[in-house]
Amino acid sequence: MALISETLKRIKPSPTIAVTQKARDLKAQGRDVIGLGAGEPDFDTPDNIKNAAIEAIRRGETKYTAVDGIPELKSAIVAKFKRENGLTYETGQITVGSGGKQIIYNAMMATLNPGDEVVIPTPYWVSYPDIVLLAGGVPVFAETEMKDGFKLLPDILEKAITPNTKWLIFNSPSNPTGAAYSHDELKALTDVLKRHPHVWILADDMYEHLVYDDFQFVTPAQVEPELYERTLTMNGVSKSYCMTGWRIGYAGGPKELIGAIAKVQSQSTSNPTSISQWAAVEALNGPQGFIAEHNVVFKERRDLVVSMLNQASGIRCPTPEGAFYVYPSCAGTIGKTTPKGTLLVTDEDFVRELLEAEGVAVVQGAAFGMSPFFRISYATATSALEDACQRIQRFCGSLR
Ligand code: PLP
């Protein structure tokens, strides 16, 4: 009898983690590699947050906590939703998990029956389809186009919804494109959702704070209060607060769903790390000024990368509103040959040959469900980005 389950066989390990590991391995072998694969800020966790964790250890906050979070953190999250999103939740409507990823996983495990469909706009964050598959659901892809800024259009959403649709997973600003929806763009989608009362909305607001050029972030339950009763508003401290390793994500939503999410967690990991929870209390309640400071740097890097990529032959790179990713098309390089004589047929070829020739690690669009593109994370030192973009220009210029 085969050891591995049929369910697990249908999913793949995270391709972004694989690229990051490949870059690390090459570096360890002494190769000069610039890794632009990882989705995490290069800034350190702010000191006030670190100190809150150290104090929590000293106070002895080192024991099991309530499965779905300490009351102090739930209160901080309630205040955050009110302050930043105009959303009113009670602490009984809040759940805390070990990262946003666990919240999504638990929500799908708690709600999907075999055959239930989950609408996922493409390109998507790599984990959405596989989490849905693990939970026994069926991912249904709703395609976007570069000419629309990679944003889902209302008629495409309408067509993707069937009587079996359980969820729409909505992510703005988006990983991998950086696309963020304005109030009007989102309202056009929530108008569609209002007509389909059986569809739940998982709003993945993980990159909420990472928006540039005075862009105003909005979330579905805020834009359309009618959807509040069937929306799980998910967020976390990983990206905005430079806390990827601390593993704290959270969500607000209807009590029945929040209780079901906690039930899944109670039989898997139990509470998120007690110390990280206290750090997250400080992140949400403490000074927020560093976010704007980081955004000045991120915006400069975004503009640098977009401009340099658009000077590379065969590459077209739109300017996204947020996150720390760009998603350029490499269509103009497909069909060309490298100096070594390798024909580029797919974006996977492009990415592999770029790493081989110039030591620049990016992730192929195929991993995010839309080709021929690639994703660059610009959450890395500006000098390294400049160097990497020069290498990409040189690689593209070498193709015949
Ligand atoms: N959602 C999106 C769109 C992401 O890009 C990520 C991380 O890369 C997550 C959720 C999960 O974040 P974490 O589990 O680190 O909180």
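Atoms within a ligand are numbered from 1 in the order they appear, just like the ligands themselves.
- In this structure, Asp204 has a heavy atom closer than 4.0 Å to ligand 1.
- Backbone and side-chain nitrogen or oxygen atoms of Tyr325 are examined, and none is located within less than 3.5 angstrom of a nitrogen or oxygen of ligand 1.
- Aromatic pair Tyr89/Tyr228: ring centres closer than 6.0 Å.
- For the residues Met234, Glu40, Met243, Lys239, the heavy atom positioned nearest atom 8 (O) of ligand 1 is part of Lys239.
- Checked against the 6.0 Å centroid threshold, Phe290 and Phe43 do not count as a close aromatic pair.
- Remark: ligand 1 and Asn175 share an N or O pair separated by less than 3.5 Å (distance only, no angle test).
- Both the backbone and the side chain of Lys101 come within contact range of ligand 1, each with a heavy atom under 4.0 Å.
- Looking at ligand 1, you won't find any N or O of Tyr128 less than 3.5 Å from one of its N or O atoms.
- Annotation: Phe368 is not in aromatic contact with Tyr124 [ring centroid separation under 6.0 Å not met].
- At least one N or O atom of Gly100 sits closer than 3.5 Å to an N or O atom of ligand 1.
- Annotation: Tyr207 is in aromatic contact with Tyr325 [ring centroid separation under 6.0 Å].
- The nearest non-hydrogen atom to atom 9 (C) of ligand 1, considering only Tyr207, Trp125, Tyr124, comes from Trp125.
- Remark: the Glu208 side chain and the Asn235 side chain contain an N/O donor-acceptor pair separated by less than 3.5 Å.
- One side chain, Thr269 or Gln102, offers a donor N or O that lies under 3.5 Å from an acceptor on the other.
- For atom 12 (O) of ligand 1, the closest non-hydrogen atom of the protein is Met206 CE, 3.6 Å.
- For ligand 1, the atoms lying closer than 4.0 Å to a non-hydrogen atom of Gly99 are 14 (O), 16 (O).
- Atom numbering of ligand 1 starts at 1 in the shown order; those under 4.0 Å from a heavy atom of Ser238 are 13 (P), 15 (O), 16 (O).
- Listed by number with element, the atoms of ligand 1 under 4.0 Å from a non-hydrogen atom of Asn171 are 3 (C).
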Step-by-step side chain to side chain donor-acceptor pair (under 3.5 Å) determination, Glu282 to Asn48: CA-CA 7 Å; Glu282 173 62 17; Asn48 62 308; 2.7 Å; yes

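- Between the side chains of Tyr212 and Glu300, no donor-acceptor pair is found at a separation under 3.5 Å.
- In this structure, Gln102 has no heavy atom closer than 4.0 Å to ligand 1.
- Checked against a 3.5 angstrom limit, the closest N/O atoms of Arg247 and ligand 1 fall inside it.
- Every salt bridge (charged side-chain N to carboxylate O under 4.0 Å, His left out) that Arg394 has, sequence neighbours left out, goes to Glu358.
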